[in-house]
Amino acid sequence: MHIILVTQGVNRFSPVQIMDLYDFLQSRNISEDNINRMREEKIDSASILQMSDDDLSGFVPLYGDRLAVMNFCKDREDQSTKRKHKSKKSLMDKIRARVNAMKGNTSSSGEDDADESSLSKKLKGNKNAEKKKRKVELSCYHHDSHSYHQVRINKGGGPKSFEKGKNERMSKVFELGKELYFPKGENKIRGRVSQFKLKLTDTYFQDIDLEATIESYYNRLKMRQLKFHFCSTDVLEAADTSFDSDVTELPVILPPRQYREKSDTAVNRTPSTSCIASSDSKSTTDKSDATDLTVIISPKQYFGKSDIDMNESPSTSDNNTAKVETVEYISISPSDINAPTVWSATVPDFPSNFDIQDFSLDEDIEFGRVRTDSNTTLDSTLPYESTSIKEKKVITLRIHRGSALNDMVTFFKDPEITDAIIDAKMVLPNGKEETADGDGVLRDCFTEFWSEFYEQCTEGHNLKVPVLRHDFQLDEWTAVARIIRKGYEISGYWPISILPAIFEECIHGHIESNLIDLFVEYLSPVESHIVKTAISDFQATDQDDLLEFLDSHSCRKSVNSENILPIIVELAQLELIQQPRYIIDCFRSELRLLGRSVTPCMLQDFYQSLKPNTKNVLASLIFPDNLSNAERECVSYLKRYIKELDGEKLKAFLRFCTGADVLLNTKTTVEFIDVDGYTRSPIAHTCGRILKIPSTYESFTVFRSEFNYLLNSGI
């Protein structure tokens, strides 16, 4: 203990102080032997202050000498403390004087303070030390119709930091942000830049003035590093949530529901119509509110006035009445319209005393002429555009049977295919093209693709999950997403064997399905039974089978009746969501565009309505009214045969009739032919959805045998 105290004293005091202590001891006539012992033990003033009287008596025998030595050491300690306090005070005075000099306060005393104040004045206004650039940080955000959400790095976003000249405009920051987040106009994960409406905001999501300089925002925001948000919104969403009064392009006008329900002949007529526009303040609405704008289409037969000349324009001198134009209905498919917003046209019930001048709009509306070169069913009105209509690109898919997976992926790697018109040709194994063409062949292409995709790219029993392959990278998985999107847009086809949670995550960003139920459908029947039993009655579960199941799914926990359910949930999350996460991210860039047309409820309905069963397949068949006895007998054979089909055979029958293995919202017409002998066989026209059945079958067994042979042959 004494040695430790002495060591601390040596570190705290100089040799001069030690010599002073020893000189004082000699002045008190302390023996040289005791003084030498103190030197050997390295006892100084600080050590003596820590020693007790008994310890000190071993070196200084007389009590009076001990008191004198203790007082001497205390005086030396007080002097040392005063020197330290003076040094600290002097340092604080210097710092305080320097601060005052920087503020321009010349009241500081002392020559040093005067020199520092003079130096500060000389440096004031020196431009050489000013920074020429400012640090800027961008964060990526996306608006999903409710609020802004930050886009992480693995989603194609993340923070970006860089330096820009302080006199540069904010437009340079905006352009650099587009280049960083959409290099060469495309983000591999999020999509093309043309699919988004972009803007630059501050941290409160207030729009930035792109003409202002960076230095102006630096002075305004008072931030050491400027931070801005690079925000994006889907083009379709932006069109629905905002209305630009300067846009001259007219919205799509759909006829009212009561007129849309009329027969095709009534819909496809092209009667002359007129649209009346007015600036009357009592009848006009605010242009900023697009939902309040009502377009009135007034055919002659609705006005009930034969004496009105629909081709005559009223006087333009009246400011309350705009030009009247003769218009014609143009009906096209909604998929042909690229307008961002769809409004419904309202045709009111006109009273007997109706006057055409009572109805008006703010602006002139012009309609184009009828296109006679289209075979599309006419069901909506096309707004006239002054520019020529851009023709869509036509792409013909040449798909080989047995190689539909590779052929379809190769075609759909091209991003332009999503906006093109698609035709298809099936090629037989011998290299010859099948003679069939039309929509049925295209449905057959999608069905053939998904049959191969389920076999080669997925795992699971009833519900399947895509798995990673070394030969499937970003381009290949994105092509599969385009196939899903295009199949739905063209034919309403949806791959209902794929786990619905994957589509929920891709389209809407969250999962609403029950993962336990999906996991049970994903597992084989044996494993599904084990899981169900373990959850409902853990004690009744075969422990060996349960342990084997858990080991095969890489479970690393011991299970019991308390934790079996959370562990099953973790395994389901791992195999259904976490493992295919890369594939989900690749799908999201294309499938999120279906977010408005495929709601979560509609997605759940797909898995119910599109799945074929005996009842809805029978309901989709249309039989002739007047049947002979032989034809009536064949109808009973067909219905009995369909009732005997299981799940896979039912899909094969549906594909033979329509080209698709899912039940689309269509009907199949059954016709009868009088054919016998070797040429007798059912015939299906998938494009027209017509099933022709010979009426010459002798019995149900013969009918079943020939139909089974036909379905098993894969024709």
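- Residue-environment remark: CZ (Arg581) exceeds the threshold of 12 foreign heavy atoms within 6.0 Å.
- Annotation: side chain of Val635 is not in contact with side chain of Val670 (no heavy-atom distance under 4.5 Å).
- Side chain to side chain, Gln604 and Ser513 meet the donor-acceptor criterion of an N or O pair below 3.5 Å.
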Under the criterion salt bridge (charged side-chain N to carboxylate O under 4.0 Å, His left out), I'd like the reasoning laid out for Arg655 against Glu448: C-alpha separation, chi angles, the key distance, then a yes or no.
CA-CA 10 Å; Arg655 182 179 179 184; Glu448 185 80 9; 2.5 Å; yes

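- Note: Tyr522 and Phe519 have parallel aromatic rings, judged against thresholds of 30 and 60 degrees for the angle between ring planes.
- Side-chain atoms of Lys155 and Asp585, non-hydrogen and from C-beta on, do get closer than 4.5 Å to each other.
- Taking all atoms of both residues into account, the shortest heavy-atom contact from Leu603 to Pro500 is CD2-O, 4.1 Å.
- The backbone N or O of Glu575 lies less than 3.5 Å from no partner atom in the side chain of Gln578, so there is not a single donor-acceptor pair.
- In terms of modelled atom types and a separation under 3.5 Å, the side chain of Arg443 and the main chain of Thr686 share a donor-acceptor contact.
- When atom types are taken as modelled, the side chain of Trp494 and the backbone of Tyr488 share no donor-acceptor pair closer than 3.5 angstrom.
- Within a 6.0 Å radius of NZ in Lys643, no more than 12 heavy atoms belonging to other residues, nucleotides or ligands are found.
- Looking only at side-chain heavy atoms (C-beta outward), Arg190 and Cys140 come within less than 4.5 Å of each other.
- The backbone N or O of Lys649 sits less than 3.5 Å from a side-chain atom of Asp646, completing a donor-acceptor pair.
- A side-chain donor-acceptor contact under 3.5 Å links Asp661 and Tyr493.
- Closest approach of Ser528 and Val520 over heavy atoms only: OG-CG1, 2.8 Å.
- Here the closest heavy-atom approach between residue Phe700 and residue Tyr641 is recorded as CE1-N, 3.7 Å.
- Side-chain contact check for Val427 versus Asp407: every heavy-atom pair is 4.5 Å or farther apart.
- Heavy atoms only, all atoms of each residue included: Cys586 and Ser589 are closest at O-OG, 3.3 Å.
- For the salt bridge (Lys or Arg N to Asp or Glu O under 4.0 Å) condition, no pair includes a residue of residues 522-547, sequence neighbours left out.
- Here the side chains of Ile189 and Arg588 are not in contact, with every heavy-atom distance at 4.5 Å or above.
- Considering only residues two or more places apart in sequence or on other chains, Val467 meets the side chain to side chain contact (heavy atoms under 4.5 Å, CB included) condition with Glu459.
- Residues Met426 and Asp444 form a side-chain contact, since some pair of their non-hydrogen atoms from C-beta on lies under 4.5 Å apart.
- Within a 6.0 Å sphere centred on NZ of Lys611, other residues, nucleotides and ligands contribute 12 heavy atoms or fewer.
- Crowding of Lys464 atom NZ: a count of heavy atoms from other residues, nucleotides or ligands under 6.0 Å exceeding 12.
- Between Phe196 and Phe182, the ring-plane angle classifies as tilted under the 30° and 60° cut-offs.
- Sparse packing is recorded around CD of Glu548, with 12 or fewer heavy atoms of other residues, nucleotides or ligands lying under 6.0 Å away.
- Ring-plane geometry between Tyr148 and His143 is classed as perpendicular, the angle between the planes exceeding 60 degrees on a 0 to 90 degree scale with a lower cut at 30.
- Thr447 contributes a side-chain N or O that, together with a main-chain N or O of Gly659, makes up a donor-acceptor pair within less than 3.5 Å.
- Taking a 6.0 Å sphere around NE2 of His149, one finds it holds more than 12 heavy atoms contributed by other residues, nucleotides or ligands.
- Heavy atoms only, all atoms of each residue included: Leu627 and Arg632 are closest at O-NH2, 3.0 Å.
- No side-chain donor-acceptor contact under 3.5 Å links Ser403 to the backbone of Asn406.
- Side-chain atoms of Phe606 and Val598, non-hydrogen and from C-beta on, do get closer than 4.5 Å to each other.
- The two residues Tyr181 and Gly156 make their nearest non-hydrogen contact at CD2-O, 4.0 Å.
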Residues Glu476, Arg469; criterion salt bridge (charged side-chain N to carboxylate O under 4.0 Å, His left out); working and verdict
CA-CA 10 Å; Glu476 285 75 16; Arg469 292 176 36 159; over 6 Å; no

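- A distance of 11.0 Å separates CG in Leu405 from CD in Glu455, rounded to the nearest 0.5 Å.
- A donor-acceptor contact shorter than 3.5 Å links the side chain of His142 to the backbone of Ser232.
- Looking only at side-chain heavy atoms (C-beta outward), Ile498 and Ile484 stay at 4.5 Å or farther from each other.
- With a 6.0 Å radius and a threshold of 12 heavy atoms from other residues, nucleotides or ligands, Asn665 has its CG atom at or below the threshold.
- Put simply, the side chain of Asp475 never gets that close to the backbone of Thr478: no donor and acceptor are under 3.5 Å apart.
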